[in-house]
Amino acid sequence: MSFVWTVAEQHEGRLKAVSFELLSRGRALADKLDTKLASLVIGAGVGQPGLRELIQRGADEVYHVADARLAHFVCETWSNILADLVRHYRPVVVLAAATSLGRTLMPHLAVKVHAGLTADCTELDIEPGSDNLLQTRPAIGGNIMATIKTPDHRPQMATVRPRSSVVLPRDPERLGRIIEVPVAEQLFESRVVVHGCRADVEDFVNLEEAEVVVAGGKGLKKGDNFALLRELAAELGAMVGASRDAVDRGWIGYPHQIGLSGKTISPRLYIAAGISGSIQHLAGIKTAETIVSINKDPDAPLHNVADFGIVGDLFDVVPELTRRLRRSKAVAS
Ligand SMILES: Cc1cc2nc3c(=O)[nH]c(=O)nc-3n(C[C@H](O)[C@H](O)[C@H](O)COP(=O)(O)OP(=O)(O)OC[C@H]3O[C@@H](n4cnc5c(N)ncnc54)[C@H](O)[C@@H]3O)c2cc1C
């Protein structure tokens with residue numbers, strides 16, 4: 001039996017939005033291949049309502065690998081378990097999200113099951129007349145879209161950009177099977193011993209799900225000046241993002257990077273200050289609803305795609321915006 005699989009992600013028992021995004025990709029592929037779609041949930045704490053939601057949003061089956069020892073992501077153990085399942089059930093396609101977890105786990109799995117892997121796909125399709133997965137992703141600095149297929153190996157594996165697909169609406173009538181999968185003891189054998197887990201604030205920058213994002217680039221001149229953006233972000237209830245130049249200079253951590261080699265975001269409001277708008281940066285904000293560009297250069301490319309372009313010095317404009325927001329909140333209260 002051929003299957004399309006998606007690897008769900010969760011944090012402390014709550015399924016992440018990418019788990020549902022992957023299902024809409026997987027559903028389209030499974031329908032074209034006339035096969036079933038299964039979602040894999042590894043870890044502890046996802047209850048029956050969460051597992052049922054996967055079915056309601058497109059899965060035919062859910063494989064639930066629950067064990068308290070899987071509460072934290074340990075790549076070696078997780079890839080042992082996945083490889084064992086892949087060898088047993090022989091899926092034809094395995095999809096994971098191009099998140100830190102997916103990008104770490106899938107290469108390990110690919111090596112263990114001798115499969116190919118295409119990272120960070122933005123489009124997926126099935127080649128007519130075969131079961132080959134067409135895996136499309138930006139290449140050569142985002143200037144071309146490359147389509148890759150792996151006709152000689154199964155499963156075909158890809159990671160998919162978060163936020164590059166819509167979540168299917170929930171259908172409470174949809175039925176499917178939830179299968180509790182026992183884990184063989186030897187699969188837990190690992191050279192990694194987890195003594196505890198520290199919540200690294202930087203790693204939990206969930207920009208992909210933010211409603212409002214305020215981002216800064218090289219125009220900020222130095223890392224300390226991100227404080228200006230953090231103040232504005234605090235007034236707007238926003239998260240702080242950055243261009244690659246700002247990240248490469250060490251002004252802010254990589255989890256904040258937006259763009260081709262960073263995160264793809266879809267906020268309702270995106271405010272960029274001192275960011276020119278390179279093609280690679282724009283690749284990460286295509287689906288933002290409203291874009292505001294603050295740049296002293298009237299010809300900055302970001303102004304061309306922005307809904308509102310403010311031509312001015314960010315060191316004047318950003319504090320002024322923060323002041324006005326504070327004032328209007330004070331008046332309203
Ligand atoms: C393979 C590859 C992948 C890449 N991936 C990414 C990615 O994921 N994300 C990304 O962002 N980039 C990425 N890049 C880099 C990208 O090409 C650009 O170099 C980068 O986006 C530029 O960052 P920036 O806009 O901060 O800097 P700049 O292009 O130098 O722009 C700075 C802007 O600040 C403005 N400015 C200066 N001072 C002020 C002021 N006082 N007030 C207002 N405006 C001011 C300037 O007018 C200018 O427009 C990638 C490049 C490659 C080759």
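Just so you know, ligand 1 is whichever comes first in the structure, and atom 1 is the first atom listed for that ligand.
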Discussion item. Which of the numbered atoms in ligand 1 are under 4.0 angstrom from any heavy atom belonging to F315?
Written reply: 41 (N)
Response to the item:
Rounded to the nearest 0.5 Å, the CG atom of L54 sits from the CD atom of E61 at a distance of 13.0 Å
Worksheet item: For ligand 1, is any non-hydrogen atom under 4.0 Å from I279's backbone (N, CA, C, O), its side chain (CB onward), both, or neither?
Response: neither
Practice prompt. Supply the atom-to-atom distance Y254 OH to S261 OG, rounded to the nearest 0.5 angstrom.
Written response: 6.0 Å
Worksheet item: Hey, are D131 and K149 close enough for a salt bridge, meaning a charged N less than 4.0 Å from a carboxylate O?
Response: no
Item to complete: Could you name the option among D297, N295, I285 that has the heavy atom nearest to atom 46 (C) of ligand 1?
Response: N295
Fill in: Pick from A246, S278, G284, G219: the one approaching atom 16 (C) of ligand 1 most closely through a non-hydrogen atom
S278
Practice prompt. Could you check which of V317, D245, L314 puts a non-hydrogen atom nearest to atom 42 (N) of ligand 1?
Written response: L314
Discussion item. Please determine whether any non-hydrogen atom of G312 lies less than 4.0 Å from an atom of ligand 1.
Written reply: yes
Item to complete: Below 4.0 angstrom from a heavy atom of G217, which ligand 1 atoms are there? Numbered from 1 as shown, please.
Response: 26 (O)
Practice prompt. Working to the nearest 0.5 Å, report the span between NZ of K32 and CG of L124.
Written response: 10.5 Å
Worksheet item: Are any of the side-chain heavy atoms of I148 and R137 separated by less than 4.5 Å?
Response: yes
Worksheet item: Among D316, D313, I294, whose heavy atom sits nearest atom 41 (N) of ligand 1?
Response: D313
Worksheet item: Does an N or O anywhere in G274 fall below 3.5 Å from an N or O of ligand 1?
Response: yes
Practice prompt. Find out if a path of hydrophobic residues (ILVMFWY) with successive side-chain heavy-atom gaps under 4.5 Å connects V214 to V247.
Written response: yes
Worksheet item: Atoms of ligand 1 less than 4.0 Å from G262 heavy atoms?
Response: 8 (O)
Discussion item. Taking 4.0 angstrom as the limit and counting only heavy atoms of G259, give me the atoms of ligand 1 inside it, by number and element.
Written reply: 7 (C), 8 (O), 9 (N)
Worksheet item: Atoms of ligand 1 less than 4.0 Å from L260 heavy atoms?
Response: 7 (C), 8 (O)
Discussion item. Ring-plane angle category for Y63 and W5, please: parallel below 30°, perpendicular beyond 60°, tilted otherwise.
Written reply: tilted
Worksheet item: Relative to atom 6 (C) of ligand 1, which among S261, A215, S243 owns the nearest non-hydrogen atom?
Response: S261
Worksheet entry | Chi angles and distances behind the side chain to side chain contact (heavy atoms under 4.5 Å, CB included) call for Q257, K263 | CA-CA 6 Å; Q257 185 176 316; K263 289 179 175 165; over 6 Å; no
Worksheet item: Short list, please: which atoms of ligand 1 are under 4.0 Å from a heavy atom of K221?
Response: 37 (C), 38 (N), 39 (C), 41 (N)
Discussion item. Does the Lys NZ or Arg CZ of R90 fall within the cation-pi geometry relative to F3 - under 6.0 Å from the ring centre and within 45° of the axis?
Written reply: no
Worksheet, complete the sentence: Taken to the nearest 0.5 Å, the spacing of E235 CD from R324 CZ works out to 14.5 Å
Fill in: Selection from K263, K218, Q280 by shortest heavy-atom distance to atom 14 (N) of ligand 1
Q280
Worksheet item: Looking at ligand 1, does any of its N/O atoms fall within less than 3.5 Å of an N/O of A242?
Response: no
